Amino acid sequence: RLDVQRPRVKGVVRDVYEALFLEPESMQQIISGRFSRGAARAMLQSGAGFRPGAERVTTLTRRANIGIQAHTASAAAARIFVRARARGSGSVVRLRHRATMWMQREGDGWQVIGFEVDQDRIR
């Protein structure tokens, strides 16, 4: 079970973080598709990641520690750390982002049912 679910969970984390930092224009579509309704609404309102219009985005550090419930492979959690920078409106924005996402299996896929985000601008 773990071998089958590992790439699926990893794919959710990768999709969400590519949308938050590298492709902010796709953020609403990805978040809505990968999160429960309430969690998606909260994530979109949280201000996490870069906003659409960010240019020349560079991720300086990307790290995720993912754990999957061993017995049934029906729940998972991911701790994520990202440092990134982008240009926008003539200035450079640098961010430090730490998050935890809690997921549960929905058929063949995974859905984020809760998260916690701590994001700061770095000078």
Side-chain angles (χ1 to χ4, degrees):
R1 286 187 183 141
L2 291 175
D3 289 339
V4 171
Q5 296 305 322
R6 185 176 291 121
R8 293 175 181 169
V9 173
K10 186 177 176 181
V12 171
V13 174
R14 180 174 284 133
D15 289 351
V16 168
Y17 276 84
E18 284 180 0
L20 288 176
F21 286 95
L22 301 176
E23 301 169 4
E25 295 78 21
S26 70
M27 187 182 318
Q28 182 151 359
Q29 178 184 359
I30 296 295
I31 298 299
S32 296
R34 297 293 196 167
F35 282 60
S36 68
R37 183 176 297 185
R41 186 173 35 254
M43 177 59 95
L44 292 170
Q45 292 174 354
S46 73
F50 288 120
R51 304 281 55 110
E55 299 174 354
R56 292 186 180 171
V57 175
T58 304
T59 55
L60 306 169
T61 305
R62 291 194 314 178
R63 185 172 53 240
N65 296 318
I66 301 171
I68 301 173
Q69 182 183 34
H71 182 64
T72 62
S74 62
R79 291 180 51 197
I80 301 105
F81 179 77
V82 176
R83 280 185 40 231
R85 72 172 174 244
R87 291 198 181 275
S89 304
S91 64
V92 175
V93 176
R94 292 178 181 85
L95 296 178
R96 183 197 57 178
H97 173 100
R98 292 182 185 148
T100 303
M101 293 191 320
W102 292 276
M103 296 166 270
Q104 72 182 37
R105 191 167 52 157
E106 297 282 328
D108 288 339
W110 287 82
Q111 185 176 55
V112 178
I113 58 170
F115 70 93
E116 181 178 54
V117 172
D118 177 25
Q119 179 174 296
D120 299 312
R121 281 189 169 199
I122 302 171
R123 298 199 188 271

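Just so you know, these numbers come straight off a predicted model, no measurement behind them.
Hydrophobic clustering, with ILVMFWY side chains joined whenever heavy atoms are under 4.5 angstrom apart, keeps Leu20 apart from Trp102. Under the 4.5 Å side-chain heavy-atom criterion for Ile, Leu, Val, Met, Phe, Trp and Tyr, Val57 and Val82 are members of the same hydrophobic cluster. Cluster annotation: Ile80 is connected to Val117 through the hydrophobic network of ILVMFWY side chains, with a link wherever side-chain heavy atoms come within less than 4.5 Å. Ile113 and Leu44 fall into different hydrophobic clusters, where Ile, Leu, Val, Met, Phe, Trp and Tyr residues are linked whenever their side-chain heavy atoms come under 4.5 Å apart, directly or through other members.
We find the CD-CZ distance between Gln111 and Arg37 to be 10.5 Å, quoted to the nearest 0.5 Å. How far CD1 of Ile30 is from OH of Tyr17: 14.0 Å, rounded to the nearest 0.5 Å. Distance check: Arg8 CZ to Ile68 CD1 gives 10.5 Å after rounding to the nearest 0.5 Å. Considering CZ of Arg83 and CG of Leu60, their distance stands at 5.0 Å, rounded to 0.5 Å. Note that the CD atom of Glu25 and the CZ atom of Arg51 stand 11.0 Å from one another [nearest 0.5 Å]. A distance of 5.5 Å separates CD of Glu23 from CD of Glu18, quoted to the nearest 0.5 Å.
When side chains are defined from C-beta on, Trp110 does not count as touching Met101, because their heavy atoms never get closer than 4.5 Å. Counting heavy atoms from C-beta on, the side chains of Leu22 and Arg62 come closer than 4.5 Å. Taking 4.5 Å as the limit, some side-chain heavy atom of Met103 sits within range of a side-chain heavy atom of Val13. Counting only heavy atoms from C-beta outward, the side chains of Arg56 and Val92 never approach each other to under 4.5 Å. Two residues are said to be in side-chain contact when any heavy atoms from C-beta on lie closer than 4.5 Å; Leu95 and Phe21 meet this criterion.
Among residues at least two apart or in separate chains, side-chain hydrogen bond (donor to acceptor under 3.5 Å, both in side chains) pairs with a member in residues 114-123 are Arg96-Asp120, His97-Gln119. Note on residues 71-80: pairs passing side-chain hydrogen bond (donor to acceptor under 3.5 Å, both in side chains), not counting sequence neighbours, are Gln69-Thr72, Gln69-Ser74, Thr72-Ser74.
Across Ser32 and Ala40, no two heavy atoms sit closer than the pair CA-CB, 4.3 Å. Of all the heavy atoms in Ala54 and Ala86, the pair that sits closest is CB-CB, 4.0 Å.
In this structure, the salt bridge (Lys or Arg N to Asp or Glu O under 4.0 Å) partners of Arg6, at least two apart in sequence or on a different chain, are Asp3. Scored by the ring pair (Phe, Tyr, Trp, His ring centres under 6.0 Å) test, Phe35 finds no partners at all (sequence neighbours excluded). For Arg105, the salt bridge (Lys or Arg N to Asp or Glu O under 4.0 Å) criterion is met by no residue, not counting sequence neighbours. For Phe115, there are no ring pair (Phe, Tyr, Trp, His ring centres under 6.0 Å) partners at least two apart in sequence or on another chain.
Heavy-atom neighbours of Gln29 CD from other residues, nucleotides or ligands within 6.0 Å: at or below the threshold of 12. No more than 12 heavy atoms of other residues, nucleotides or ligands sit less than 6.0 Å from atom CD of Gln28. Within a 6.0 Å sphere centred on CZ of Arg85, other residues, nucleotides and ligands contribute 12 heavy atoms or fewer.
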